There are 2 protein chains.
Amino acid sequence: MRRDVFQAIADPKRREIIELLAKEPLTVNAIAENFNISRPAISKHLKILKECEIVDFKKEGRERFCFIKPKNLIPAFMWIDRYRDLWEDKLDSFEDYLAKLQAKNPSDE
Amino acid sequence: MRRDVFQAIADPKRREIIELLAKEPLTVNAIAENFNISRPAISKHLKILKECEIVDFKKEGRERFCFIKPKNLIPAFMWIDRYRDLWEDKLDSFEDYLAKLQAKNPSDE
DNA sequence: TATAAATGTAACCATTAGGTTACGCAAATA
DNA sequence: TATTTGCGTAACCTAATGGTTACATTTATA
């Protein structure tokens with residue numbers, strides 16, 4: 001199974017988890033509260049994120065705090081960023097496009 | 001099945017296809033020559049990329065030219081870009097990190 | 001010490017992914 | 001006109017995804 005950043009961010013729930021952890025470290029249950037899927041399902045997503053080295057854990061008593069390792073998102077950023085020139089070439093107005101996109105879809109989801 | 005940019009770039013072969021098409025439009029066979037999987041497999045990837053609206057086609061005779069629609073990579077870029085601040089906060093030297101990363105892994109793969 | 005809380009894991013299921021080979025069909029060519 | 005070329009698609013396979021429920025384990029608490 002592929003275990004890289006692109007795999008990590010392929011699933012919308014995993015992206016949401018990343019967004020949550022970008023704000024602050026959270027326990028597994030605290031993460032699960034934000035979703036309507038079972039806690040074991042969250043555990044599975046966390047396991048994949050761990051294998052992709054996007055999150056890591058720190059055990060405190062019976063709790064397990066999850067935190068993000070943001071630098072490991074960089075390869076994905078770098079890959080996509082190579083196409084920035086391409087967009088800028090092809091779009092009449094990149095800025096306008098972004099503005100419209102954000103206006104239409106503020107949460108990017 | 002999910003059909004969004006993140007799904008499109010989740011597979012390494014599809015990323016390679018995007019890289020090829022970023023340089024120039026290519027026929028299906030021309031794309032397939034770059035891989036060691038069967039042509040139908042390439043067709044499947046192209047179908048997914050089409051559904052994700054990352055590539056489109058233009059038929060010319062019996063050939064089918066594939067071209068990239070780079071602006072549709074923007075949502076992925078925007079999502080990832082939000083974590084740029086996070087990296088910059090957490091890394092001692094962002095520039096050094098990138099330099100090391102590229103030195104270690106020049107093709108980003 | 002008995003119990004509740006926080007969590008991982010196993011077993012299971014349906015669907016999708018990613019590949020294959022075999023075949024069909026339209027367009028170009030001999 | 002017969003054949004090759006450039007594809008798409010169908011049928012099939014195996015493995016991975018993403019979810020579930022049931023249970024085990026460790027740690028805190030009553």
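Keep in mind it's a predicted model, so treat the numbers as computed, not measured. A, B, ... follow the sequence lines: proteins, then strands. Residue 1 opens every chain.
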Think B:Ser38 has a side-chain N or O under 4.0 angstrom from the OP1 or OP2 of C:dG19?
-> no
Non-hydrogen atoms of A:Arg2 and B:Pro12 that approach each other most closely = CD-CD, 3.1 Å
Over how many whole Å does the gap from B:Asp11 atom CG to D:dA16 atom P extend?
-> 14 Å
Quick one: A:Phe6 CZ to C:dA17 P, roughly how many Å, whole number?
-> 18 Å
Between the main-chain N or O of B:Val28 and the side-chain N or O of B:Arg39, is there a donor-acceptor pair closer than 3.5 Å?
-> no
Given C:dG19, is OP1 or OP2 found less than 4.0 Å from the side-chain N or O atoms of B:His45?
-> yes
Rounded to the nearest angstrom, tell me the gap between atom CD1 in B:Ile42 and atom P in C:dT21.
-> 14 Å
Where is the tightest heavy-atom contact between A:Glu53 and A:Asn72, given as atom of each residue plus distance?
-> O-ND2, 2.6 Å
Examine the base of C:dG19 for any acceptor or donor lying under 3.5 Å from a partner atom in the side chain of B:Lys44, and report the outcome as yes or no.
-> yes
Which pair of non-hydrogen atoms, one from B:Ile80 and one from A:Leu73, has the smallest distance, and what is that distance?
-> CG2-O, 4.3 Å
What's the verdict on side chain to side chain contact (heavy atoms under 4.5 Å, CB included) for A:Leu21 and A:Phe67, showing C-alpha distance, side-chain angles and the deciding distance?
-> CA-CA 6 Å; A:Leu21 295 179; A:Phe67 59 92; over 6 Å; no
Tell me: CZ of A:Arg3 to C1' of D:dT17, nearest whole Å?
-> 9 Å
Does B:Gln7 put a side-chain nitrogen or oxygen below 4.0 Å from OP1 or OP2 of C:dA17?
-> yes
N or O in side chain of A:Arg39 less than 4.0 angstrom from D:dG19 OP1/OP2 | no
Does anything in residues 27-37 of chain B reach DNA chain D, meaning a heavy atom under 4.0 Å, and if so which residues?
-> B:Thr27, B:Val28, B:Asn29
Taking CZ from B:Phe65 and C1' from D:dT5, how many angstroms apart are they, rounded to a whole number?
-> 14 Å
Minimum heavy-atom distance between A:Pro75 and A:Lys71, given as atom pair plus value | CD-O, 4.1 Å
Length of the CZ-C1' vector between A:Arg14 and D:dG18, whole Å | 9 Å
Hey, is B:Lys44 close enough to B:Asp11 for a salt bridge, meaning N to O under 4.0 Å?
-> no
Heavy-atom side-chain proximity of A:Met1 to A:Gln7 below 4.5 angstrom = no
How close do B:Cys66 and B:Leu46 get, heavy atom to heavy atom, and via which atoms?
-> SG-CD1, 3.9 Å
In whole Å, what is the span from the CD1 atom of A:Ile9 to the C1' atom of D:dG18?
-> 18 Å
Which comes earlier along DNA chain C counting from the 5' end, the contact point of A:Pro40 or that of B:Ala41, where each point is its nearest nucleotide?
-> A:Pro40
Just checking A:Arg2: base, sugar-phosphate only, or nothing, at a heavy-atom cut-off of under 4.0 Å?
-> sugar-phosphate
Over how many whole Å does the gap from B:Met1 atom CE to C:dA14 atom C1' extend?
-> 14 Å
Would you tell me if any nitrogen or oxygen in the side chain of B:Lys13 comes within less than 4.0 Å of OP1 or OP2 on C:dG19?
-> yes
Contact residues, residues 56-63 of chain A to DNA chain D [heavy atom, < 4.0 Å] = A:Gly61, A:Arg62
Return the minimal non-hydrogen interatomic distance between B:Trp79 and A:Ile9, and the atom names on each side.
-> CZ3-CG2, 3.7 Å
